[in-house]
Amino acid sequence: MADDFKVHIYPSDCDSVGHVNHAHLLTLLERARWNALEKHMSYDEYMKTSLWAVVRKVEASYQAQTFPGDDLGIRTGLLSVGNTSFIVRQVVRNQRDTIVCDASIVYVTVSPDGK
């Protein structure tokens with residue numbers, strides 16, 4: 001299963017040197033993951049589940065800069081599932097089909113009380 005999320009980059013998305021920095025790109029990746037999840041359950045439904053997914057590890061390889069005016073497509077998909085964890089892979093491409101970022105996010109599942 002893969003989900004595509006589109007975002008346009010505005011000057012306010014960029015840092016002092018004129019490109020999207022890594023922290024903002026991580027925020028966009030998070031938004032794309034929530035977008036993918038919301039196609040299956042609402043936030044309220046997620047909060048009522050007996051297990052929550054929390055990020056344990058992020059590996060991101062940045063391969064090209066992103067500037068104001070760029071249109072990004074973020075493809076989100078499930079890479080693997082373990083007993084108590086799973087890995088999501090996200091690939092960000094710009095309108096020139098250049099890979100901007102390739103990321104893997106490891107999630108672990110915890111109960112609402114943190115166990």
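These numbers were taken from a predicted model, which means no experiment stands behind them. The chain is numbered in sequence order, starting from 1.
- Evaluation of the salt bridge (Lys or Arg N to Asp or Glu O under 4.0 Å) rule for E38 yields no partner, not counting sequence neighbours.
- A search for salt bridge (Lys or Arg N to Asp or Glu O under 4.0 Å) contacts involving D97 returns R93, not counting sequence neighbours.
- The two residues P68 and G18 make their nearest non-hydrogen contact at CD-O, 3.4 Å.
- A distance of 12.5 Å separates OH in Y107 from OG in S85, rounded to the nearest 0.5 Å.
- In this structure, K48 places its NZ atom where only 12 or fewer heavy-atom neighbours from other residues, nucleotides or ligands lie under 6.0 Å away.
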Could you give me the CA-CA distance, side-chain angles and deciding distance for L51 and V110, then say whether side-chain contact (heavy atoms from CB on, under 4.5 Å) is met?
-> CA-CA 5 Å; L51 288 176; V110 298; over 6 Å; no
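- For residues 18-32, the set of pairs meeting the salt bridge (Lys or Arg N to Asp or Glu O under 4.0 Å) definition, not counting sequence neighbours, comprises E30-R33.
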Using the side-chain contact (heavy atoms from CB on, under 4.5 Å) rule, take T84 and V108 through it: C-alpha gap first, then chi angles, then the decisive distance, then the call.
-> CA-CA 6 Å; T84 59; V108 295; 5.6 Å; no
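- A distance-only check finds no donor-acceptor pair linking the side chain of T66 to the backbone of V20 [under 3.5 Å].
- The two residues H24 and N21 make their nearest non-hydrogen contact at N-OD1, 2.9 Å.
- For D71, the side chain to side chain donor-acceptor pair (under 3.5 Å) partners are H8, not counting sequence neighbours.
- In this structure F5 satisfies the ring pair (Phe, Tyr, Trp, His ring centres under 6.0 Å) test with no other residue, sequence neighbours excluded.
- Under the 4.5 Å side-chain heavy-atom criterion for ILVMFWY residues, a single connected hydrophobic cluster contains both V55 and I74.
- Contact between Y46 and L37 at its shortest, heavy atoms only, is CD1-CD2, 3.9 Å.
- For D13, the salt bridge (Lys or Arg N to Asp or Glu O under 4.0 Å) criterion is met by no residue, not counting sequence neighbours.
- Smallest separation of non-hydrogen atoms from V81 and F86: CA-CB, 4.1 Å.
- Transitive grouping of hydrophobic side chains (ILVMFWY, heavy atoms separated by less than 4.5 Å) keeps V91 and L25 in distinct clusters.
- Contacts of H22 classified as ring pair (Phe, Tyr, Trp, His ring centres under 6.0 Å), with partners at least two apart in sequence or in another chain: none.
- Residues passing the ring pair (Phe, Tyr, Trp, His ring centres under 6.0 Å) test with Y62: none are found, sequence neighbours excluded.
- Atom SG in C101 sits 5.5 Å away from atom CG in L29 (nearest 0.5 Å).
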Kindly indicate, with the supporting measurements, whether the criterion side-chain contact (heavy atoms from CB on, under 4.5 Å) is fulfilled by Q90 and I105.
-> CA-CA 8 Å; Q90 293 181 284; I105 298 88; 3.4 Å; yes
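- Taking the salt bridge (Lys or Arg N to Asp or Glu O under 4.0 Å) definition, one finds that E59 meets it with K57, sequence neighbours left out.
- Residues passing the side-chain contact (heavy atoms from CB on, under 4.5 Å) test with S42, sequence neighbours excluded: D44, E45.
- At distances below 3.5 Å, at least one donor-acceptor pair connects side-chain atoms of T27 with backbone N or O atoms of A23.
- Every residue meeting the side-chain contact (heavy atoms from CB on, under 4.5 Å) condition with T98, not counting sequence neighbours, appears here in chain and number order: A64, N94, R96.
- Applying the salt bridge (Lys or Arg N to Asp or Glu O under 4.0 Å) test to pairs two or more places apart or on separate chains, those with a residue in residues 75-89 are D4-R75, R89-D102.
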